[in-house]
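Everything on this sheet refers to the single structure shown next.
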Amino acid sequence: MKVCKFGGSSLANATQLNKVIDIVLSDPARRIVVVSAPGKRHSGDTKVTDLLIDLAETAIKGENTDRQYGAVVERYAEMAGELRLGEEIVREIEMDIMDRLAQVATLDNAEFMDLIKAAGEDNNAKLVAEAFRARGKKARYASPKDTGMVLQGEFGDATLDPSSYATLSRAFSNFEGIVVYPGFFGYTKEGKVATFPRGGSDITGSILAAAVCADVYENFTDVDSVYPVDPRIVPEVKDGEGIPTMTYREMRELAYAGFGVFNDDAVIPAVRARIPINIRNTNHPSEPGTMIQQSRRVIPGTVVGIASMDGFCNIVVEKYLLNRQIGFGRRLLQVLENEKIPFEHMPSGVDSLCVVLKGQHLPKERERRVVQLLKKELDPDFVAVERDITILMVVGEGMCYTAGMFAKACLALASAGISMSMVNQGSSEVSFMIAIRHADRDQAVRALYKAFFG
Ligand code: ASP
């Protein structure tokens, strides 16, 4: 059995929705279909979820909601009309949104916001199920409430109550036809609607894939496969092949380093249950896409992708005989912890320590304070903050078995005249990182791409 999730761009209008139905019907194993709310139809368009947020905010302010309500209903009415689904489904959706809006007086703001946001996926699942039936196929909408998708934590940032796996698994143990399931939300133990963070339909798909022990979790989006490097920096990568398979570890490293196709948080349930994840394109369903799984056949000396992340900064601390001081590193990190600043990496020299952070955690106005605290706490010979750092990341399980991979990267960068300010390799050897100046990023990525894939 396959669980397939379709994102908003795959469900933005009737043409896209018909593609979704064709894809599902082309493989009888595709039994559970998780849907997002309708996304953008064109670049200037607004996603239904964003329309709903506007609607909820307007209602909370006590202002007239006719325009926002009309804009939401119009999106569903347009699709229902193009698909000739009849008036009833549109009435049902109108009533549903009205009912939700009426609860503005009884719910607190965060609860009300989630109730309205969830309308996007919930009504879309009903409409998609209707569209399957209009094509003569047996399909039904399944509700997160009836199937036991219990969430906990903050409204708008909820997580799954782990006991839900057993309930969900039972709910899906015996069903016929195709089930269309709304992504993005579930219910608290008290019966209130709660949503995952934005983009959360991926989480729903991943949870269901784990709960039913699916053979594969197919995540349909609008790219053919994952490219080994950002095509905006190296356009010619599109002439070659995408990545056919990668491991969960490789996916995690690339996602960390800015490969936006994955949402590494969202796929945790599927990864833990060892369900293979297939990223595919709704617009080119014959393309096999990228398969992400526990292990793969690795050719020694190969890498799977090259990523770059901008916006880092580096706190450099130097002190003569630093290596003999017990507790120096701990005290440095304690200052950051007290200031609630997370750090990413911590490479060190004999008499120096660097702490690499995401720049947004150390805005200019906090920098002065942190530097003062470090001076007070550590009495260093030198402390400074470097900004505008880009981290390059070369990723591949194949690096574990081969000497000279790092040398190859250094040579490529040296030939391009690019200097490295920091290097870091974890003991897993599945990736290494190189920090450079942001201004050198594009040239550096191209040089590495040529060296490893050219
Ligand atoms: N519709 C929600 C959002 O736009 C969830 C999703 O599409 O995954 O964030």
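For the single chain, residues carry numbers from 1 onward in sequence order. Remember, it's 1-based here, ligands and their atoms both numbered in the order they're listed.
Checking side-chain atoms of Gln16 against main-chain N and O of Ser9 turns up a donor-acceptor pair under 3.5 Å.
Side-chain atoms of Tyr256 and Ser431 include no donor-acceptor pair closer than 3.5 Å. At a cut-off of 3.5 Å, with distance as the only test, no side-chain donor of Asn263 or Asp202 sits close to an acceptor on the other residue. At a cut-off of 3.5 Å, with distance as the only test, a side-chain donor of Gln334 or Asn338 sits close to an acceptor on the other residue.
Of the candidates Asp265, Asp157, Asp50, Arg198 forms a salt bridge (charged side-chain N to carboxylate O under 4.0 Å, His left out) with just one, namely Asp50.
Contact shell of ligand 1 (protein heavy atoms, cutoff 4.0 Å): Ser36, Lys47, Thr49, Glu121, Phe184, Arg198, Gly199, Gly200, Ser201.
Counting heavy atoms from C-beta outward, Glu57 and Met113 have side chains that approach closer than 4.5 Å.
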